[in-house]
Each structure stands twice: as structure tokens, then as C-alpha cells.
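Quick caveat, the model's predicted, so the values are computed rather than measured.
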Amino acid sequence: MNNLSIQDEQAASPSAEPKQKQKKKKVLLMGKSGSGKSSMRSIIFSNYIAKDTRRLGATIDVDLSHVKFLGNLTLNLWDCGGQDAFMENYLSQQRQHVFSNVGVLIYVFDIESRDFDRDLLTYRSIIAALSQFSPTASVYILIHKMDLVVPNQREDIYNDRVSLIRSKSDSFDPTPFATSIWDQSLYKAWAEIIHDLVPNLDQIEKHLGSLGKMIQAEEVLLFERTSFLVVSAWTSREIITSDASQPAQNPTYDRNERLSNIIKNFKQSTSRFTGTPKSAEQFSVFDLKMPNFCMFLIKFTTNTYLGVVLPPGEERYNSAKLNCYIARTQFEDLDSPARKSADRGATAEAVEA
């Protein structure tokens, strides 16, 4: 435990926040009642753990929340109740109000639904309304509660559901995910969604790679502050493999989602022992020094945390941390309309090549 240190931080004053023009994006979270929408929202954005979601009640009409993201982006997240009466209301009296100016539709299907054909009809009606008022919106499909399916049948059932959903999506090309609140799959899906929403992502990834090379890091991870999801990551080609033409591959394919889960559970623990709200920032610096690697996690910009993995060595460690603090200003200034990077997921060397 002597190698682990945490520095507490007082809540930042609102006046200290940079005063920039806010960008807003409307996100609809929809699906039939009981499909798990509010549970996943609470886990991702309110620091709930899976077992805590059992006490959540059904959403009544629309539960509207505002979530700040990096790049000075604010998500207007509309968690829409899925009862039949509410769905009919969204598609009739509130049609224009609900479906206008939508940036993203996240539609949740319950894999255990006993009437999937009816669910498809509802989805088809939602897509028609979205096409009418927000034809340029992005659509994501979450096939949820996959943990309830026998493991050797999951892939076939998932592929069958996705095929049927795509056939009802008109001109939209939905991005599908298989999810569960009991494993890392939920973090993976939301990390991908948030990844596409981040303003100026290509510039962020380029700067992240430059920073990683400059401080001679093995890995650099950029976490979104509210959800602690990894929105961008850079990995050095020099680790794990001796083949310079092949990027390093970590054997744990969902390691970033596991990290998000571990850190959020750590925040839960500190919340219980310190009496602070679950959504509060419990630390500004987290240091971990082991015989074969070192890692630090710092509050980076207004809406991000930065994680850095380094080889052992005190001088390199201290220098890297200092350079990351210096780099804060440059990353804070990355504030422009969102666009997707063509080189998403590549290492910095591959981008430059």
C-alpha cells in the first residue's frame, strides 16, 4: 500500500470553469418499458453499480438530464418512458417536439421480449418519425440483457435480431451492440457512442499520440469525467511485440471497459468512506507504482481525466506527470464541431504514416 497514493481535491468553483459557447446535442434513449434504459443510464452517468439498479422505478414520460462532455459539449439526454401510452403520445401529440433536432437515437431492445414482432413495429414507427424530423441523426441499437441467453446461443440470436432490426431501419444504418449491466459490454457500447460524439476527436487523438511519444509512455488513456469511459487511447508500438510493423496487442480485449468499471467502483468505495456524493470528484491524482510498471491518473481538463502507463523509473515518472500538467492548456483549447476521425483506433505512428 506504500506504493499507492491519492490526493484529495476540493470541488472546483463554477467561476473557474472556462466560459466558452456551449455545444448541445440531443440524445434520445428509447425502448419498450422494462428493457433496461434507466438502469444503464444510471450506471453510466450516475455511478450506480448493477445491483443498485433494482430499486429504480419505471420512467414516467421523459426524464431529461444534461451531461457535460469534453470539448465543451453538453448532451441533452432524453430518457423516454416505454409504456404504450407514452409511445403513442411521442408519435402523435409530441411527435415534432420529441423527434426534432435529434443528434443521436439509442434504441434498446430486450432480448427476453415475448413479442419481438410488436417491438419491431414500435421501432419502425420511431424510425419513421426520426426520418421525418431528424434525417441526419445517428442510430445505435442495444440488444440488452444478453447475460440471460445461454452462452452458446448468444451469437446466433444476436445476429438474427440485428438482421431483423436493420430491415426496419429505412435509410438509417444503425450501429448494433450486445449489452448487459453485469459485464463490460455496456461500457464498450457507450464508449463507442460517446467516442462518436466527442468534438474535434481527430485532433484530440493526434495530440494524445504526440504526448505519449514525448513522455515515452507505454499507454495513454483519455477518460470522460462523468462516465469515466475511455474516449480515446494511444499505445506505443514498442511494448509487448518486437515486430515494429505490428502494433502491440493486449490479451484482454475489453481492458479499457474493465478499467472504467474498476475506477467507478473505486469511486463508489471512496464515496462510502468519505460521505461525499457518488457523482463528486473524489480525487485529483491517483498514483500506482509497481516493480514492472507505473501508472498515474490525473484530472486533466475540465471534462477529462488522463491515465498514463510507464515503465518503472522515478525520474521518467515525475517528468511525464509534469509534462501532462503542462499539456492541459493545449487539450482544453480543443473545442470545435464534432466530426469522426478516419483513423479512429489507430496508433499515432499509423496515423502519421
Side-chain angles (χ1 to χ4, degrees), residues 25-32 34-50 53 56 65 67 69-70 73 75 77-80 82 102-113 119 123 126 137-149 151 154-155 157-166 169 172-198 201 221-233 252-265 338 340-341 344-345:
K25 181 156 289 193
K26 182 176 179 181
V27 179
L28 292 184
L29 179 59
M30 305 191 81
K32 299 293 286 184
S35 60
K37 303 183 300 299
S38 297
S39 295
M40 65 174 63
R41 188 196 69 178
S42 298
I43 289 173
I44 297 298
F45 297 112
S46 300
N47 288 301
Y48 276 59
I49 56 178
T53 63
L56 294 173
S65 56
V67 184
F69 278 83
L70 64 163
L73 171 72
L75 294 188
L77 183 61
W78 295 42
D79 183 359
C80 303
V102 176
V104 175
L105 168 66
I106 303 170
Y107 201 93
V108 183
F109 285 90
D110 185 350
I111 195 65
E112 270 205 320
S113 175
D119 295 345
Y123 170 73
I126 297 296
S138 299
V139 178
Y140 295 89
I141 301 300
L142 306 188
I143 313 298
H144 198 44
K145 303 182 183 180
M146 289 298 293
D147 58 289
L148 300 177
V149 180
R154 287 176 186 171
E155 185 174 357
I157 293 176
Y158 170 74
N159 290 334
D160 178 63
R161 291 285 195 272
V162 169
S163 177
L164 290 171
I165 292 168
R166 286 190 186 279
S169 299
F172 294 99
D173 183 20
T175 302
F177 296 97
T179 58
S180 167
I181 64 173
W182 299 100
D183 59 29
Q184 276 67 242
S185 61
L186 185 63
Y187 289 91
K188 181 175 180 59
W190 279 91
E192 290 287 335
I193 294 169
I194 290 173
H195 192 281
D196 286 342
L197 292 173
V198 174
L201 183 61
L221 303 164
L222 189 68
F223 295 89
E224 195 281 316
R225 184 187 67 178
T226 305
S227 60
F228 247 101
L229 297 175
V230 176
V231 294
S232 186
T252 308
Y253 72 95
D254 59 350
R255 62 186 307 274
N256 289 349
E257 292 74 40
R258 289 174 181 264
L259 276 173
S260 297
N261 201 354
I262 290 168
I263 293 170
K264 293 188 80 170
N265 275 280
K340 296 182 183 179
S341 169
R344 138 180 202 175

Item checked: Option passing side chain to side chain contact (heavy atoms under 4.5 Å, CB included) with Leu105 (candidates Val27, Ile126, Leu29) -> Ile126
Item checked: Exercise: identify the closest heavy-atom pair between Asp119 and Tyr107 -> O-OH, 4.3 Å
Next item on the list: Quick one: closest heavy-atom pair of Ala191 and Leu229, and the distance?
Entry: N-CD1, 3.7 Å
Item checked: Donor-acceptor pair, side chain of Lys37 and main chain of Gly31, under 3.5 angstrom -> yes
Checklist line | Residues that Phe228 engages under ring-ring contact (aromatic ring centres under 6.0 Å, His included), provided they are two or more places apart | finding: Phe223, Tyr305
Next item on the list: Find out whether Trp190 and Met40 are in side-chain contact, i.e. whether some heavy atom of one side chain is under 4.5 Å from a heavy atom of the other.
Entry: yes
Margin query: Which residues pass the side-chain contact (heavy atoms from CB on, under 4.5 Å) test with Arg166, not counting sequence neighbours?
Written below: Val162, Asp173, Pro174, Pro176
Next item on the list: Could you please spell out the steps behind the side-chain contact (heavy atoms from CB on, under 4.5 Å) verdict for Ile106 and Val104?
Entry: CA-CA 6 Å; Ile106 303 170; Val104 175; 3.8 Å; yes
Next item on the list: Search all heavy atoms of Met146 against all heavy atoms of Arg154 and return the closest pair with its distance.
Entry: O-NE, 3.2 Å
Checklist line | Results of side-chain contact (heavy atoms from CB on, under 4.5 Å) for Leu164 - residues two or more places apart only | finding: Phe116, Leu120, Asp160
Next item on the list: Mind checking side chain to side chain donor-acceptor pair (under 3.5 Å) for Tyr123 and listing every partner two or more places apart, or none if nothing turns up?
Entry: Ser169
Check: Quick one: side-chain contact (heavy atoms from CB on, under 4.5 Å) partners of Ser185, sequence neighbours excluded?
Finding: Thr179, Ser180, Asp183
Item checked: Lys145: partners by side-chain contact (heavy atoms from CB on, under 4.5 Å), with sequence neighbours left out -> Asp110, Ile111, Asp147, Leu148
